[in-house]
Amino acid sequence: MGQWFQAQALVPAQVRSSPWCRCLDTARLAFGTTQAWAALGSPQGAAEATNEAHLGELRQVLADVSRQPGRFEVWVTHMFVLSALVGSDTAVGEGLVLRGDAAGVPRVLARLPSGAV
């Protein structure tokens, strides 16, 4: 996926990752650098209040990024996080292209199946 981004001359303003090892490794392999972000961590085993706070943080940042023309970020996370964020099932390894409205409610612009890029 990182090679595809490079071939398209697409440079994310920031690469953020779940703090879990596999996500960090994936982000680093694809993009060379990443910032661990607790909000992208797996909700499995976390308190419901923590999960809701993380979703709120994700929505806020999505709204902020979406307001900036030409800016995009790459977030490497878990299917559970994406499913909760967009309100529908996602597949393992699937990539989503999202745009947030002013409240950070995401709209799925595209789905990239695992291995598609």
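- Distance SG/C23 to CZ/R28: 11.0 Å, rounded to 0.5 Å.
- Taking CG from L55 and CG from L62, the interatomic distance works out to 11.5 Å, rounded to the nearest 0.5 Å.
- Here the CZ atom belonging to F80 is positioned 10.5 Å from the CG atom belonging to D89, to the nearest 0.5 angstrom.
- Proximity of W4 to L10: side-chain heavy atoms (C-beta onward) are separated by under 4.5 Å at one or more points.
- Within 6.0 Å of CZ in R67 there are more than 12 heavy atoms belonging to other residues, nucleotides or ligands.
- No side-chain N or O of S18 forms a donor-acceptor pair with one of T77 less than 3.5 Å apart.
- Nearest approach of V74 to F31, heavy atoms of both residues: CG1-CE1, 3.6 Å.
- When all heavy atoms of M79 and A91 are compared, the closest pair comes out as CB-O, 4.2 Å.
- Pairing each heavy atom of R59 with each of A84, the nearest pair is NH2-O, 3.9 Å.
- Sparse packing is recorded around CD of Q3, with 12 or fewer heavy atoms of other residues, nucleotides or ligands lying under 6.0 Å away.
- With S66 contributing its side chain and R99 its backbone, the two residues share no donor-acceptor pair below 3.5 Å.
- With 3.5 Å as the limit, one finds a donor-acceptor pair spanning the side chains of W75 and E73.
- Inspection of the D64 and Q60 side chains reveals an N or O donor paired with an N or O acceptor under 3.5 Å.
- Contact detail for T34 and L24: the closest heavy-atom pair is CG2-CD2, 3.8 Å.
- The hydrophobic clustering, which links ILVMFWY residues whose side-chain heavy atoms are closer than 4.5 Å, places V86 and L109 apart.
- Each of W37 and W20 belongs to its own hydrophobic cluster when Ile, Leu, Val, Met, Phe, Trp and Tyr are linked at side-chain heavy-atom distances under 4.5 angstrom.
- Considering every non-hydrogen atom in both A27 and V76, the closest pair reads CB-CG2, 3.8 Å.
- Closest approach of A38 and H54 over heavy atoms only: O-CE1, 3.4 Å.
- Hydrophobic clustering, with ILVMFWY side chains joined whenever heavy atoms are under 4.5 angstrom apart, keeps F72 apart from V108.
- With a 6.0 Å radius and a threshold of 12 heavy atoms from other residues, nucleotides or ligands, R107 has its CZ atom at or below the threshold.
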Evaluate the side chain to side chain contact (heavy atoms under 4.5 Å, CB included) criterion for residues L82 and E94: first the C-alpha distance (whole Å), next the side-chain angles of each, then the deciding distance (0.1 Å), finally the verdict.
-> CA-CA 10 Å; L82 290 176; E94 180 178 33; 6.0 Å; no
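- If you chain together hydrophobic residues whose side chains sit under 4.5 Å apart, L96 and V15 never meet in one group.
- Clustering ILVMFWY residues whenever any of their side-chain heavy atoms sit less than 4.5 angstrom apart, transitively, puts L98 in a cluster other than the one holding M1.
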